[in-house]
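Following: one structure in structure tokens, then a few remarks.
Scope of the values below: all heavy atoms of this structure, side chains included, with no hydrogens, waters or symmetry mates.
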Amino acid sequence: MIVLTRGFVIAIDGPAGAGKSTIAKKAAAALGFAYIDTGAMYRSVTWKLLQTGEPFSEGLAGRLAREIRISFRPEGARNRVFVDETEVTDAIRSMPVTKLVSRVAAVPAVREAMVDQQRRMGREGNVVLDGRDIGTVVFPDSPCKIYLTASVEERARRRGKELEAKGEAVDYKLLQADIAARDKQDMERDVSPLKQADDAVYLDTSDLSIDEVTGTILRLAGERRPQA
């Protein structure tokens, strides 16, 4: 059991496309907390692996995860991501990274390296983290856990709008199939599978606005944060 020695951790878990990062950033800003994008950390390792030009292997992924230096630099509403001083904020959202990240994140050595970094960051102060296993593995004793989800159709709609805004053509049926396949992979992996913590609040965002979801999380944080 990881014991919080300092600060307050809000743990947000859920499947891809549920709006975790958007909500976590807004909640962190409203509370004056730091935001740690754990998904970006796994994407950063995946990006680094692709940069080598070598085929995927657990050994290579694990070695890179141990060596990599990941940092976040907030800039207004944007959370810039750097890998070994190279900015990868947009690069880690590319389709090649998206297609491979679940395999990389399932490697035990990768998860161990990233979880160590996340726990260190969490101990440094008040933080909001989002990912797949924050409430179940990284900070299981956090008093404020949320499982954020939405229907596959709604998640595909949101992702499709993002891609179309970038000028990319979207096949929504294929996008839904990709999201469903990633859910299955994340939920069935041997190491730290995606699942709702027993004491997490289940929150379906399919029919809720960003402000409504953020407001719910802020209310929960207020109720569960220890009083000084």
Side-chain angles (χ1 to χ4, degrees), residues 1-7 9-16 20-21 24-25 28 33-75 78-142 182 185-195:
M1 178 69 72
I2 302 303
V3 178
L4 296 179
T5 57
R6 184 181 171 196
V9 171
I10 298 175
I12 303 176
D13 290 313
K20 299 187 303 297
S21 296
K25 281 187 281 189
F33 283 19
Y35 166 58
I36 300 170
D37 185 348
T38 63
M41 296 174 72
Y42 290 103
R43 284 176 173 273
S44 294
V45 177
T46 305
W47 175 84
K48 187 74 172 181
L49 189 152
L50 289 171
Q51 292 300 111
T52 69
E54 299 181 37
F56 168 82
S57 72
E58 292 196 358
L60 176 60
R63 177 173 64 79
L64 293 173
R66 289 188 294 271
E67 296 174 351
I68 199 171
R69 291 178 295 156
I70 303 169
S71 59
F72 297 100
R73 301 177 191 175
E75 187 177 272
R78 188 172 172 83
N79 203 32
R80 298 171 66 195
V81 186
F82 291 79
V83 170
D84 300 329
E85 296 306 312
T86 297
E87 182 168 8
V88 296
T89 309
D90 295 323
I92 62 173
R93 303 295 171 182
S94 68
M95 191 55 70
V97 170
T98 297
K99 286 183 175 297
L100 184 60
V101 65
S102 287
R103 291 183 69 190
V104 172
V107 176
V110 173
R111 299 206 71 83
E112 181 179 353
M114 295 299 100
V115 168
D116 283 347
Q117 289 196 43
Q118 291 158 21
R119 286 173 176 163
R120 174 183 54 77
M121 293 175 184
R123 290 196 184 95
E124 291 176 352
N126 297 325
V127 296
V128 181
L129 299 92
D130 70 279
R132 300 292 189 280
D133 61 351
I134 308 303
T136 54
V137 174
V138 185
F139 285 107
D141 64 337
S142 167
R182 185 171 176 189
Q185 188 172 21
D186 287 345
M187 291 176 177
E188 294 181 355
R189 66 191 183 202
D190 293 330
V191 180
S192 301
L194 168 64
K195 64 179 180 179

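- In this structure the side chain of P15 never reaches within 4.5 angstrom of the side chain of D186, judged on heavy atoms.
- Between P108 and V191, the closest heavy-atom pair is CG-CG2, 3.5 Å.
- Remark: the T98 side chain and the R43 side chain contain an N/O donor-acceptor pair separated by less than 3.5 Å.
- Here the straight-line distance linking atom CG of L129 with atom OG of S142 works out to 9.0 Å at 0.5 Å rounding.
- Pairing each heavy atom of G122 with each of V127, the nearest pair is CA-CG2, 3.8 Å.
- With rounding to the nearest 0.5 angstrom, the CD atom of Q185 is 8.0 Å from the CZ atom of R103.
- Going from atom OG1 of T89 over to atom CG of N79 covers 8.0 Å, rounded to the nearest 0.5 Å.
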Name each donor-acceptor pair under 3.5 Å that joins a side chain in residues 57-65 to protein atoms two or more places apart or in another chain, with its distance.
from	atom 1	to	atom 2	distance (Å)
S57	OG	L60	N	3.1
R63	NH1	E67	OE1	3.3

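- Between the CD1 atom in I134 and the OG1 atom in T38 there is a gap of 4.0 Å [rounded to 0.5 Å].
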Derivation of the side chain to side chain contact (heavy atoms under 4.5 Å, CB included) call for R111 and V137:
CA-CA 10 Å; R111 299 206 71 83; V137 174; over 6 Å; no

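- A 4.5 Å side-chain heavy-atom check between V104 and Y42 finds every atom pair outside the cut-off.
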Evaluation steps, side chain to side chain contact (heavy atoms under 4.5 Å, CB included), between I68 and W47
CA-CA 11 Å; I68 199 171; W47 175 84; over 6 Å; no

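- Using a 4.5 Å heavy-atom cutoff, the side chains of F82 and I70 are not in contact.
- The backbone N or O of V138 sits less than 3.5 Å from a side-chain atom of R119, completing a donor-acceptor pair.
- Between L100 and L49 the shortest side-chain heavy-atom distance falls below 4.5 Å.
- Rounding to the nearest 0.5 angstrom, the gap separating the CZ atom in R189 from the CZ atom in R132 is 7.0 Å.
- You'll find the side chain of K48 reaches within 4.5 Å of the side chain of D84, heavy atoms only.
- The shortest heavy-atom contact between A24 and D130 is CB-OD1, 3.9 Å.
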Under the criterion side chain to side chain contact (heavy atoms under 4.5 Å, CB included), I'd like the reasoning laid out for K20 against V128: C-alpha separation, chi angles, the key distance, then a yes or no.
CA-CA 10 Å; K20 299 187 303 297; V128 181; over 6 Å; no

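- Rounding to the nearest 0.5 Å gives a distance of 6.0 Å between CD of E112 and CG of D116.
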